[in-house]
Protein chains: 2
Amino acid sequence: MSAQGETRRAPLDRARVLAAAVAAADRSGLDALSMRSLAAELGVVPMALYKHVADKDDLVGGMVDTVIAGYDPADAVGGPAEVRARIRSARAGLLAHPWLRTAIESRTRRTPAVLAHMDAVAGAFLRGGYSADLTHHAMHALGHRIWGFSPEAFEEPPAEPPSPAEREAMLRTMAERFPHITAIAMDTAARTPSGTCEPEGEFDFTLDLLLDAFERLHAAGWTSSA
Amino acid sequence: MSAQGETRRAPLDRARVLAAAVAAADRSGLDALSMRSLAAELGVVPMALYKHVADKDDLVGGMVDTVIAGYDPADAVGGPAEVRARIRSARAGLLAHPWLRTAIESRTRRTPAVLAHMDAVAGAFLRGGYSADLTHHAMHALGHRIWGFSPEAFEEPPAEPPSPAEREAMLRTMAERFPHITAIAMDTAARTPSGTCEPEGEFDFTLDLLLDAFERLHAAGWTSSA
DNA sequence: GAGGCTAGGCGTACGGTGTACACCTGTCAA
DNA sequence: TTGACAGGTGTACACCGTACGCCTAGCCTC
């Protein structure tokens with residue numbers, strides 16, 4: 001009564017575990033992802049996961065790896081255009097998986113897909129004729145942006161709007177104690193349609209700014225020894 | 001027998017708690033900092049901390065705030081020079097407190113010192129004659145670099161060196177599967193004195209690159225609507 | 001002085017976490 | 001037939017953040 005009784009669950013493997021973890025994190029965030037909850041979701045006891053994953057760190061590393069491995073393979077045209085394409089692909093991944101930023105930030109091991117993405121971006125610069133020296137510096141300058149990051153520290157979660165009176169008071173003290181950022185915020189509020197920051201616009205702006213700067217250095221025959 | 005017997009510990013206050021937490025994190029890292037360990041260090045029961053701190057998140061937020069509040073007050077000369085000075089001060093803080101990067105990345109509330117630092121950097125741009133529009137974009141482009149960050153995801157911890165044979169094998173497979181980053185690594189190894197990346201050099205390079213780019217936009221009368 | 005308020009510290013307890021370790025069971029190769 | 005072994009189980013441990021109630025010393029007011 002083994003093969004026919006209750007339909008026997010196909011045995012787990014690493015890929016299934018990682019896929020389930022990604023799905024769970026997509027639904028409820030990385031904090032809510034525990035070995036126990038993941039195991040429950042897979043209809044398995046927590047310790048069973050450890051047959052497929054060394055520990056939780058390995059699990060998260062694997063999740064990051066699988067997502068990154070799914071990035072679009074861009075045409076190897078070389079130069080800024082290819083870099084842009086690859087980075088935009090990374091950014092799409094980041095937007096699709098809100099937990100990915102935190103997960104990447106905590107990574108310390110370079111898994112194959114991570115190395116592959118870095119290699120692809122570096123390759124784009126090199127194929128575009130950039131020197132190894134300049135490419136190296138460009139990669140550092142792009143920094144986390146090669147993973148599609150935009151800076152999100154100190155982003156306040158959406159709060160329920162305060163009463164008009166409170167809002168007025170807060171605005172006044174802000175203007176008094178932090179006049180410059182208040183001025184900037186007022187400026188954007190007045191000038192842009194949405195009235196707030198537009199992350200995608202800012203991301204593209206910065207990416208273009210950097211790629212332009214690289215192009216200029218490349219054209220000038222820049223070397224780091226200068 | 002109250003005032004004279006055993007020397008009565010001065011009552012805790014928020015500042016003392018935060019200072020002790022910063023010291024503990026400096027010594028043993030943020031992961032090792034638990035309410036229990038911190039309480040023990042202060043000679044107090046864990047729950048006593050909650051009279052001075054709302055919860056652990058508030059504790060970490062307070063730690064970040066106190067460190068940032070200690071940044072050098074730069075001369076308000078305005079322009080890129082002041083921006084550079086303020087960012088270098090932030091970077092010094094980051095180098096002095098290894099846990100600070102992680103702590104900042106996880107913050108979601110803008111405490112006063114955080115707002116003050118952001119305001120100071122924005123003020124430097126504005127005093128330098130930059131428009132609110134450009135300043136806003138520049139702040140976004142600097143991103144986490146205004147906190148002195150350099151990108152550190154996927155930085156491998158120092159491992160004990162592998163045997164020459166292993167090293168040889170690893171290097172070959174790296175060169176085969178990830179030729180571009182391998183080429184870059186070899187190039188740096190050959191060209192630089194240390195043979196590895198120099199974080200401070202890279203940080204300064206990028207900062208200068210960005211500040212230069214901003215100056216160019218400023219000189220050209222850039223606006224975001226263009 | 002007497003009474004009460006309150007800030008600060010204590011003790012206990014709960015539900016959660018990651019994971020070490022020993023065990024069982026089905027499958028397949030020798 | 002027998003053994004190894006991959007995969008799943010169950011129990012247990014140490015640790016975490018923190019809710020809740022209590023106790024005590026100092027101070028303010030009457």
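In the text below, chain A, chain B and the rest are named by the order of the sequence lines, each starting its count at 1.
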I want to check one thing: is the phosphate of C/dG9, taken as OP1 and OP2, less than 4.0 Å away from some side-chain N or O of B/H52? yes
So if I take residues 40-50 of chain A and measure heavy-atom distances to DNA chain D, which residues fall below 4.0 Å? A/V44, A/V45, A/M47, A/A48
Could you tell me the separation between the CG atom of A/L38 and the C1' atom of C/dG18, rounded to a whole number of Å? 13 Å
Taking side-chain hydrogen bond (donor to acceptor under 3.5 Å, both in side chains) as the definition, give me every residue that meets it alongside B/R110, ordered by chain and number, with sequence neighbours left out. none
How would you list, by chain and number, every residue that makes a side-chain hydrogen bond (donor to acceptor under 3.5 Å, both in side chains) with A/T111, sequence neighbours excluded? A/D65
Pick the nucleotide of DNA chain D nearest each of A/R36 and B/L33; which residue has the one closer to the 5' end? A/R36
Parallel, tilted or perpendicular, judged at 30° and 60°: which one describes the rings of B/H144 and B/F149? perpendicular
Looking at B/R84 and B/D208, is any side-chain nitrogen of the basic one under 4.0 Å from a carboxylate oxygen of the acidic one? yes
Under the side chain to side chain contact (heavy atoms under 4.5 Å, CB included) test, which residues partner B/H97, sequence neighbours left out? B/V22, B/D26, B/V67, B/W99, B/L100
Salt bridge or not between B/D72 and B/R86? Use side-chain N to carboxylate O under 4.0 Å. no
The salt bridge (charged side-chain N to carboxylate O under 4.0 Å, His left out) partners of B/R27 (sequence neighbours excluded) come to B/E41
Quickly work out the A/M35 CE to D/dA12 C1' distance and round it to whole Å. 17 Å
Mind listing the residues from residues 13-22 of chain A sitting with a heavy atom below 4.0 Å of DNA chain C? Number order is fine. none
Write down the distance between CG (A/D31) and C1' (C/dG18), rounded to a whole number of angstrom. 15 Å
Separation of A/K51 atom NZ from C/dT25 atom P, in whole Å? 15 Å
Do you know which two heavy atoms are closest between B/P151 and A/G143, and how far apart they sit? CG-CA, 3.4 Å
D/dG17, C/dG9, C/dT17: which one has an atom nearest the side-chain heavy atoms of A/S34? C/dT17
